[in-house]
Each structure stands twice: as structure tokens, then as C-alpha cells.
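Remember, it's 1-based here, ligands and their atoms both numbered in the order they're listed.
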Amino acid sequence: MVADIGRDIVPDTLRAVRALFIGDVVGSPGRRALARAMPRLRAEHGADLVIVNGENSAGGLGITEGTASELFELGADVITTGNHVYRHRDAYGYLDRAERVVRPANYLPGNPGRGHTVVNAAGRRVAVINLSGAVHMRAARSPFVEVDAILDRLVDEADTVIVDFHAEVTSEKVAMGWHLDGRVAAVIGTHTHVPTADQRVLPGGTAYISDAGMTGARGGVIGVRREQALESFLTQMPVRFDTADEDPWVMGVTVEIRPDGLADSIGQVLMPAGE
Ligand SMILES: [Fe+2]
Ligand SMILES: [Fe+2]
């Protein structure tokens with residue numbers, strides 16, 4: 001059976017929920033860019049709920065309790081992650097404890113952390129699910145089967161659902177959008193660090209984008225210093241990678257969620273955030 005979230009009788013006193021989703025924050029340049037941009041983003045979008053992908057927040061790879069705390073202080077309500085989540089071993093205990101930090105749900109059950117969380121925003125119970133792609137990515141189970149099982153469990157626990165689909169290839173992401181159309185408020189792609197221009201609300205009412213982009217230095221190569229990335233491609237030898245800091249931008253999307261739990265609109269956030 002496939003769950004149908006948020007389609008019950010809707011009280012007419014509920015207003016829309018405005019969600020702001022921030023793409024992968026890369027290292028300290030990304031964290032500083034987000035700090036500079038948050039006041040303006042809050043003023044312009046009036047977000048009820050802020051979701052930040054933090055999988056690259058610690059030194060460009062992984063997350064720590066310290067960088068997660070910094071993202072929460074900047075206004076994040078939920079932090080999602082992805083394939084780099086287990087880079088820092090000393091964060092494993094934190095991932096088990098932190099109720100509003102999620103890692104891909106289709107990893108092995110014994111791995112640290114949880115795959116979804118439910119928070120309150122504008123009077124609604126909003127579930128945030130993190131999934132990993134299975135194409136060119138390491139995942140224990142199919143994200144398609146996994147998300148169906150989670151939605152079944154959330155029927156009585158959430159009024160609306162937002163999915164961060166951390167995946168490599170656009171075909172798998174587009175397919176997930178159609179798989180969940182009409183069942184969740186939004187399917188937001190992350191991981192490639194390059195924003196796509198295909199944001200739209202699908203016919204069933206699910207906001208979709210293949211990739212929200214990253215929050216980090218556009219002057220590098222998806223967050224890495226460009227001369228190091230170029231050396232790697234030119235020499236095909238091991239190269240040390242450092243986080244780029246030139247031309248930082250904040251990238252993400254805003255989603256307006258109707259009282260029935262589906263989406264009204266999706267808009268892109270592409271904001272220069274240098275000194
Ligand atoms: Fe990333
Ligand atoms: Fe990733």
C-alpha cells in the first residue's frame with residue numbers, strides 16, 4: 001500500500017507553509033556565505049521552515065557537531081546530509097542523538113543516525129526525509145521502495161513531507177519526482193552542487209527540482225579550489241583538495257506548501273554572498 005500524506009479534510013484556518021531549502025553548504029566559505037545571506041533570505045521569503053543540506057559543512061567533506069550547531073544557530077530547523085555524512089567518526093554519536101539531523105534513510109539500519117524527522121512549522125507536522133540515489137552511489141536499498149515504506153509509517157505522524165533526494169544522475173531524480181508526485185510536497189535534488197533549471201510543480205502537486213545547487217564558492221569546481229581540481233584532471237594523479245573560497249553563492253529553493261500538504265509553487269534561490 002502506498003501512503004497518501006496530507007489529503008485528509010483540511011481546516012480552512014490553515015495558511016500556507018513557506019519552506020526554504022539550502023543546497024549543500026561547503027566548508028567555512030559556505031557557512032560564512034549562509035550567515036551573510038540569512039537575514040535577507042528570511043526577510044524576502046518569510047520562511048516558516050529552513051532545511052539545510054550540511055553534508056559538506058565540515059572542511060568541505062562531512063559534518064561535525066560543531067558545524068551542525070553553527071547551521072542551527074544560523075536558522076536551520078532541519079539538517080539533511082548525503083554520501084559524505086560519515087566522514088568524521090567523532091560525529092557518529094551526535095548523529096544518533098540529534099533528532100533534527102538526518103542521513104539517507106536507505107543506508108544500512110545499523111549505520112549512525114536516522115533517515116527522517118518530523119518538525120512543527122506554521123501549525124503543521126512536516127516530515128523531512130533524506131534519501132540517497134542508488135545509481136553511481138552507495139545505498140543499501142532502493143530509494144523508491146524505501147520512501148514508500150516511510151510514507152506508510154508517516155500516515156498518522158505528518159501533515160506534509162519534504163524529500164531531499166541526494167543523488168548523482170538526473171534520470172533517477174526525475175523518476176523520483178514522478179514516483180512521489182501527489183504524495184509529498186517537494187522532491188528536492190542535492191549532491192551535484194550544480195543548480196538545475198527544471199524547477200516546477202508536477203501535475204499532482206509535488207514541487208520538484210533535479211538539483212538545488214550548493215552554498216559555497218562558485219570560483220572553484222563544485223566547492224574545491226579550481227587549480228587543484230584541474231591538476232587532478234590534467235595529471236590523473238592524487239591531489240590534495242582544499243575548499244574554494246572565491247565568489248561564494250547561496251543556492252537553494254523556496255517551496256510554498258498549501259493547507260492540503262501539496263505544493264503551490266517552487267522558486268530558485270541563487271544569491272551572491274561575498275564579503
Ligand atoms: Fe555535497
Ligand atoms: Fe554528496
Give a yes or no on whether H166 keeps an N, O or S atom under 2.8 Å from the Fe ion (ligand 2).
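H166 does place an N, O or S atom closer than 2.8 Å to the Fe ion (ligand 2).
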Short N/O/S contact of N83 with the Fe ion (ligand 2) (below 2.8 Å):
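So N83 counts as coordinating the Fe ion (ligand 2), yes.
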Does a salt bridge link R18 with D264, judged by any charged N lying under 4.0 Å from a carboxylate O?
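So R18 does not pair with D264 through a salt bridge.
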For the Fe ion (ligand 2): the N/O/S atom of E55 at shortest distance:
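Output for this pair reads OE2.
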For the Fe ion (ligand 2): the N/O/S atom of H191 at shortest distance
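Considering only N, O and S atoms, H191 comes nearest to the Fe ion (ligand 2) through ND1.
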Taking the cut-offs as 6.0 angstrom to the six-membered ring centre and 45 degrees off its axis, would you call R225 and F241 a cation-pi pair?
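Checked: cation-pi criterion not met.
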Could you give me the CA-CA distance, side-chain angles and deciding distance for V101 and L95, then say whether side chain to side chain contact (heavy atoms under 4.5 Å, CB included) is met?
CA-CA 7 Å; V101 181; L95 291 169; 3.8 Å; yes
Using the Fe ion (ligand 1) as the apex, give the angle to atoms OD2 (D24) and OD1 (N56), rounded to 10 degrees.
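Roughly 100°, rounded to 10°.
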Using side chain to side chain contact (heavy atoms under 4.5 Å, CB included) as the criterion, point out the one residue from K173, H179, H191 that pairs with F165.
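Result: among K173, H179, H191, K173 is the only option passing the side chain to side chain contact (heavy atoms under 4.5 Å, CB included) with F165.
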How are the rings of Y92 and Y86 set to each other: parallel, tilted or perpendicular (split at 30° and 60°)?
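If you compare the ring of Y92 with that of Y86, the planes turn out perpendicular.
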By atom name, which N, O or S atom of H193 is the nearest to the Fe ion (ligand 1)?
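Output for this pair reads NE2.
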